[in-house]
Amino acid sequence: MRMFFSKKKPIGNTRRSKKVVKPVRKPMRWMKPVLQGLAVSSAVVIAGFGVWKLNEKLSISYWDIEAASHLKPQIQAFLSKQQDLDFWHTRADVLHDELLLEVPDIQALQVQRILPDGLLVKAKARTPMALWKDEQKQKVMLVDAFGYAYRALHRGEASDLPLLRVQADELPQATKLLLALNQFDVRKLMQLSEVIVSDSGWHLNFAKGEQWNINPSNLEQHVTQIINVLGLPRWAKGHWRINTRIPERWFIRPAKQEVI
């Protein structure tokens with residue numbers, strides 16, 4: 001005979017053992033941006049130091065200048081007085097603009113860095129064609145072949161150029177007239193003393209009292225026609241006062257007195 005026994009549960013409150021769960025420490029949220037900031041700052045400092053060292057390493061220690069004899073000393077003086085010759089202060093575009101302002105005698109300019117520490121400057125000089133008195137500044141200015149008054153005449157600077165007594169906006173037209181003389185009769189250009197514009201037209205005063213009074217319309221054409229007429233045997237040996245203000249009828253008379 002089999003006997004079965006049942007296990008009875010103890011009567012009363014019993015405590016169940018619980019597993020102890022250790023709290024997981026969460027990383028502090030503010031640390032991540034701080035660490036990122038420190039990394040970025042370090043990278044910036046390192047990069048900045050490298051750029052600074054490279055900037056110094058690429059400083060100019062010599063230069064070559066290809067220019068006319070009267071331009072070279074001016075460019076040399078400009079470069080010599082530069083306090084900072086590092087790469088940042090001697091970038092080609094920076095020096096190009098500063099040189100054009102400092103040396104107005106330059107018409108065209110090329111500036112090139114020769115790495116690591118050289119500089120090449122190629123400059124083309126302006127060709128002065130005439131003098132012009134700036135009534136506002138009360139200065140006598142040099143005028144180039146484009147009709148640009150680029151700088152004042154230095155004190156004591158000799159210049160055997162014709163004087164233009166015209167308005168500023170008439171300078172390009174006046175220089176075109178001079179270029180026409182230079183092309184067809186350079187001797188006349190050498191004898192020209194002044195160009196005066198008045199209500200009665202354009203007046204060209206030459207040596208030995210010769211004077212041309214020209215209608216303002218088609219100046220260059222009239223100058224060319226006068227040169228052709230004076231090239232004829234009848235007029236070639238004399239000095240004349242020529243008036244072309246009436247296109248249909250010119251007046252040509254012998255020059256009698258010196259125009260001063």
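When side chains are defined from C-beta on, Leu181 counts as touching Leu192, because their heavy atoms get closer than 4.5 Å. Contact of the Leu171 side chain with the Val166 side chain is registered, since non-hydrogen atoms from C-beta on lie closer than 4.5 Å. Side-chain contact between Asp185 and Leu230 is absent, with no heavy atoms from C-beta onward closer than 4.5 Å. In this structure, the side chains of Leu120 and Val111 stay at 4.5 Å or more apart for every pair of heavy atoms. Using a 4.5 Å cut-off on side-chain heavy atoms (C-beta onward), Leu204 and Asn213 make no contact. Trp212 places none of its side-chain heavy atoms less than 4.5 Å from the side chain of Thr244. Using a 4.5 Å cut-off on side-chain heavy atoms (C-beta onward), Tyr62 and Asp117 make contact. Within the 4.5 Å cutoff, the side chain of Ile114 has no heavy atoms near those of the Trp63 side chain.
Atom NE2 of His203 and atom CD1 of Ile196 lie 7.0 Å apart (nearest 0.5 Å). Interatomic distance, Leu85 CG to Leu95 CG, rounded to the nearest 0.5 Å: 9.0 Å. Distance CG/Leu164 to CD/Gln173: 11.5 Å, rounded to 0.5 Å. We find the CD1-CH2 distance between Ile242 and Trp235 to be 8.0 Å, quoted to the nearest 0.5 Å. The line from CD1 of Ile106 to CG of Leu100 is 6.0 Å long, rounded to the nearest 0.5 Å. Met190 contributes atom CE, which lies 6.0 Å from atom CG of Asp160 (distance to the nearest 0.5 angstrom).
Contact check on Lys81 versus Glu102 returns a salt bridge, with a Lys/Arg side-chain nitrogen under 4.0 Å from an Asp/Glu carboxylate oxygen. Electrostatic pairing of Glu210 and Arg241 does not count as a salt bridge here, judged by no charged N lying under 4.0 Å from a carboxylate O. The pair Glu135-Arg165 does not count as a salt bridge, with every side-chain nitrogen at least 4.0 angstrom from each carboxylate oxygen.
Under a hydrophobic-cluster definition in which Ile, Leu, Val, Met, Phe, Trp and Tyr are linked whenever side-chain heavy atoms come within less than 4.5 Å, directly or via other members, Met141 and Leu178 are assigned to the same cluster. A chain of hydrophobic side-chain contacts below 4.5 Å, direct or via other Ile, Leu, Val, Met, Phe, Trp or Tyr residues, connects Val229 to Phe206. Linking ILVMFWY side-chain heavy atoms closer than 4.5 Å, directly or via other members, places Val197 and Leu189 in a single hydrophobic cluster. Note on Tyr148 and Leu163: same hydrophobic cluster, where clusters join Ile, Leu, Val, Met, Phe, Trp and Tyr whose side-chain heavy atoms are under 4.5 Å apart, directly or indirectly. When the side chains of ILVMFWY residues are joined at heavy-atom separations under 4.5 Å, either directly or via intervening members, Trp240 and Phe184 end up in a single hydrophobic cluster.
For Gln74 against Asp105, the heavy-atom pair with the smallest separation is NE2-OD2, 3.4 Å. Listed here is the closest heavy atom pair of Ser59 and Arg113: C-NH2, 4.4 Å. Nearest heavy atoms, Gly201 versus Pro216: CA-CD, 4.2 Å. Heavy atoms only, all atoms of each residue included: Pro172 and Ala168 are closest at CD-O, 4.0 Å. Pairing each heavy atom of Gln225 with each of Trp250, the nearest pair is OE1-CZ2, 3.4 Å. The two residues Leu71 and Ala67 make their nearest non-hydrogen contact at CB-CB, 3.9 Å.
Other residues, nucleotides and ligands place more than 12 heavy atoms under 6.0 Å from the CG atom of Leu232. Shown here is Gln167, whose CD atom has no more than 12 heavy atoms of other residues, nucleotides or ligands within 6.0 Å. In this structure, Tyr150 places its OH atom where more than 12 heavy-atom neighbours from other residues, nucleotides or ligands lie under 6.0 Å away.
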Inset, instruction - In sequence, state the C-alpha distance, the side-chain angles, and the governing distance for Ile226 and Ile214, and then conclude on side chain to side chain contact (heavy atoms under 4.5 Å, CB included). - result: CA-CA 10 Å; Ile226 292 174; Ile214 306 176; 4.2 Å; yes
Inset, instruction - Apply side chain to side chain contact (heavy atoms under 4.5 Å, CB included) to Leu79 and Ile75, showing your working. - result: CA-CA 6 Å; Leu79 295 174; Ile75 298 173; 4.2 Å; yes
Inset, instruction - Start with the C-alpha gap between Leu99 and Leu109, add the side-chain angles, then the distance that decides, and say whether side chain to side chain contact (heavy atoms under 4.5 Å, CB included) holds. - result: CA-CA 9 Å; Leu99 262 172; Leu109 179 66; 3.7 Å; yes
Inset, instruction - Could you check Glu98 against Arg91 for salt bridge (Lys or Arg N to Asp or Glu O under 4.0 Å), going step by step and ending with a plain yes or no? - result: CA-CA 11 Å; Glu98 291 180 350; Arg91 288 167 292 155; over 6 Å; no
Legend entry - Val121 vs Glu66, side chain to side chain contact (heavy atoms under 4.5 Å, CB included): CA-CA, chis, key distance, verdict: CA-CA 6 Å; Val121 179; Glu66 298 180 10; over 6 Å; no
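Side chain of Glu157 to main chain of His154: a donor-acceptor pair is present (N/O by atom type, distance under 3.5 Å, no hydrogens or angles). No donor-acceptor pair under 3.5 Å is formed between the side chain of Gln138 and the backbone N or O of Asp134. At distances below 3.5 Å, not a single donor-acceptor pair connects side-chain atoms of Asp84 with backbone N or O atoms of Asp86.
Residue Met129 forms a side-chain contact (heavy atoms from CB on, under 4.5 Å) with just one option from Leu161, Leu142, Leu179, and that option is Leu179.
For the residue pair Asp93 and His96, no side-chain donor N or O sits within less than 3.5 Å of a side-chain acceptor on the partner.
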